[in-house]
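To start, the structure itself, in structure tokens.
Chain naming here is simple, since letters A, B, ... match the order of the sequence lines and numbering starts at 1 in each.
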Amino acid sequence: MAENKLPEEEKNTRSLNFIEEIIEEDNRIGVYNGRVHTRFPPEPNGYLHIGHAKSICLNFGLGKKYNGKTNLRFDDTNPVKEDTEYVDSILEDVKWLGFDWEDRLFYASDYFGQLYDYAVILIRKGKAYVCDMTAGEIGETRGSPTRPGSESLFRSRSVEENIDLFTRMRLGEFPDGAKVLRAKIDMASPNMHMRDPVLYRILHTSHHRTGDQWCIYPMYDFAHGQSDSIERITHSICTLEFEVHRPLYDWFIREIGIYSPRQIEFARLNVTYTIMSKRKLLELVRDGNVSGWDDPRMPTICGLRRRGFTPASIRNFADIIGVAKRDNVIDVSLLEFCIREDLNKSANRLMAVLNPVRIVIDNYPDDLVEDMESVNNPEDESKGKRKLPFSKSLFIEREDFMEEPPNKFFRLAPGREVRLKAAYIIRCESVAKDPETGEIIEIHCTYDPQTRSGMPESNRKVKGTLHWVSEKHAVKAEIRLYDRLFTIENPDDPENGKTYKDYLNPDSLRISSAMIEPTVKNAVILDKYQFERTGYFSVDKDSTPENLVFNRVVPLKDSWSKVEKVK
RNA sequence: UGACCCAUGGUGUAACGGCAGCACAAGAGAUUUUGGUUCUCUCGGCCCAGGUUCGAAUCCUGGUGGGUCAACCA
């Protein structure tokens, strides 16, 4: 009993990350009456990636941990970039990751009316004004981080004039770019975001949800905090680059005089050998460097899903990497560890030969077929067993045979014995080669009938165990082998004169085929298997019953190839 | 030539003034009908300099290094 309790206790006493500390302190003081309400606020202008997954797991995880709630809100304030295609994919991805926003799906565009009223409040307080300068002029008069800006000539317009102009902006009397609404704060602030930021711009563009109802749209800064406020969010968690926005976030809430959530910033996720920037990801798709947003090499959620990652593995990854404020680059091997750990326990095993060479058991009866029994998953007895047809002519991996084996080679070689998993121990007697090329065509073996799995003699120790598949029963499938998309750890940090594109890995996709045991015929899209001794594979969406296609999620750990490389 | 943020093994992340721990990676061994899994072990760290203190990774000061900020993007 007491022992059963231990892991539970450990879990509860696990140290808190800095956000949890803030929340617990807020709860202790009673700032939000012990209420915890978070939100995940994507802009629907692209597909979600593993970095978003970190944020999703964080926000929904916090909601769950503190018996609170988590909203899904689309930050859709820029109709130029946004589209329902992205809304749909985001909905699907969050759901797939295993999170539920229940009845709390919101859009910043739901609040356009309210936001407009907030702007009017600021105007009436003399805290906002309509400015006629061009974008260029506003930029020039903003100054620089080290030099104060200068005030707009329109800064002193009367409240009445501002109300009139803002109303007419909304009515569509002015063309795009003619006027903006600006906050009246401080053009000399050391924080650039406080130098009379733009609140509203004129955009005669149809919005994916509000259509042509509006021709002025709020900027991020004017929409985000107020949306949080409207939804009674307690802790508004975002990434580090918004840290300098926080004074402005608080300024709007205070000046408008509404409920105040608390913005907290954490360091975004980076992973080695890939990129996380939406813009660059989009370029890869547009330039055809990958097949699409869901290319299995992409760090997108849909890419990882297609590759064969499980929601649990990604959630676990997000949990393990932690949350802090310092910049970080997570080693991709940690992600690989997470999916291996999950699939090792959940994926059934299959015999699949990726690079086949024929072996003939010379002393095995020509037409005999025996059913060999093999466990589906040694980690999970409940997964049962299956039958593998065995016959005279088989395939094994070409790499599992060497004519002149080095020291620690435990596999098949002339005169050597190995075990065929779940079947017999065989001995290599001779090798048939192509007289022209010298390539091995056939390996001739003999088997020991007393060593069939389960028989007493089968306990004989041999150095190696190989996977195999019966030639006439084998099912051929297409195999897609993936490697990292980039050749350097941090493609975002290229050498002088180069860009991330210069580091694209030309071998990130290798298409091959495999001979697989007949059980594989039952495989359907997204099914995951461990191909014995080689790796984890997932059925691709291109797969059909006649033409199976597998993605390699990740290879098995391979300490032999390491030994080989050292030589 | 500014403001703000950050700094713990190779990579991440703990420590709340009291023995620097965990995970991944790396290395060694045991087990194994997967060179997988599992188990054991090893390697390796507080950016620097002062100060406060009986005692500092932790607090203070000053350096150094890194990041963010000058879209009518989010």
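Because its glycosidic torsion is more than 90° from 0, B:rA30 is reported here as anti.
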Subject >> Summary of protein contacts for nucleotides 28-33 of chain B, nucleotide by nucleotide, where a base hit scores B, a sugar-phosphate-only hit scores S (4.0 Å, heavy atoms) >> reply: -----B
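Base contact: A:F409 has a heavy atom under 4.0 Å from a base atom. Heavy atoms of A:M194 sit nowhere under 4.0 angstrom from any nucleic acid atom. When heavy atoms are screened at a 4.0 angstrom cut-off, A:T534 is found touching no nucleic acid atom at all. Base engagement by A:Q530 is indicated by at least one non-hydrogen atom pair under 4.0 Å involving a base atom. Residue A:F337 is in sugar-phosphate contact alone, with no base atom involved, counting any heavy-atom pair closer than 4.0 Å across all strands shown. A:P218 comes within contact range of the sugar-phosphate backbone alone, with a heavy-atom separation under 4.0 Å but no base atom that close.
Residues meeting the side-chain contact (heavy atoms from CB on, under 4.5 Å) test with A:N45, sequence neighbours left out: A:E43, A:K81, A:E82, A:K278. Evaluation of the side-chain contact (heavy atoms from CB on, under 4.5 Å) rule for A:N348 yields A:N376, A:N377, A:K383, A:Y529 as partners, not counting sequence neighbours. Take A:K179 and apply the side chain to side chain donor-acceptor pair (under 3.5 Å) test, not counting sequence neighbours, and it matches A:D132. Under the side-chain contact (heavy atoms from CB on, under 4.5 Å) criterion, A:S236 pairs with A:R39, A:H224, A:D228, A:I233, A:Y249, sequence neighbours left out. A search for side chain to side chain donor-acceptor pair (under 3.5 Å) contacts involving A:R155 returns A:E151, A:D196, not counting sequence neighbours.
Taking 3.5 Å as the limit, the base of B:rU38 and the side chain of A:E379 contain no donor-acceptor pair of atoms between them.
Close placement of the A:F531 and A:F537 rings is indicated, their centers lying within 6.0 Å of each other.
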Which atom pairs link the protein and nucleotides 12-15 of chain B when you take only N or O atoms and keep those under 3.5 Å?
from, atom 1, to, atom 2, distance (Å)
B:rG12, OP1, A:V329, N, 2.7
B:rG12, OP1, A:V329, O, 3.4
B:rG12, O5', A:V329, O, 3.4
B:rG12, O2', A:I321, O, 3.0
B:rU13, OP2, A:R326, NH1, 2.8
B:rA14, O2', A:S15, OG, 3.1

For nucleotides 41-45 of chain B, which of its nitrogen or oxygen atoms have a protein nitrogen or oxygen under 3.5 Å away, and what is each distance?
none

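Among residues at least two apart or in separate chains, salt bridge (charged side-chain N to carboxylate O under 4.0 Å, His left out) pairs with a member in residues 237-252 of chain A are A:E241-A:R268, A:E243-A:K325, A:R246-A:E265.
Put simply, CD on A:E397 is 16 Å from P on B:rU34, counting in whole angstrom units. Distance A:D196 CG to B:rA71 C1': 16 Å, rounded to the nearest Å.
Across residues 199-210 of chain A, A:R201 each have a non-hydrogen atom less than 4.0 Å from an atom of RNA chain B (numbered order). Near RNA chain B, defined here as any heavy-atom distance below 4.0 Å, the residues from residues 179-193 of chain A are A:V180, A:P190, A:M192, A:H193, listed numerically.
For the pairing with A:Y200, the ring-ring contact (aromatic ring centres under 6.0 Å, His included) check across A:W214, A:Y217, A:Y220, A:F166 returns one residue only, A:F166.
Helical stems in RNA chain B, defined as runs of 3 or more consecutive Watson-Crick or G-U wobble pairs with both donor-acceptor distances under 3.5 Å, are listed by first residue as B:2-7 with B:64-69, B:10-13 with B:21-24, B:26-30 with B:38-42, B:47-51 with B:59-63.
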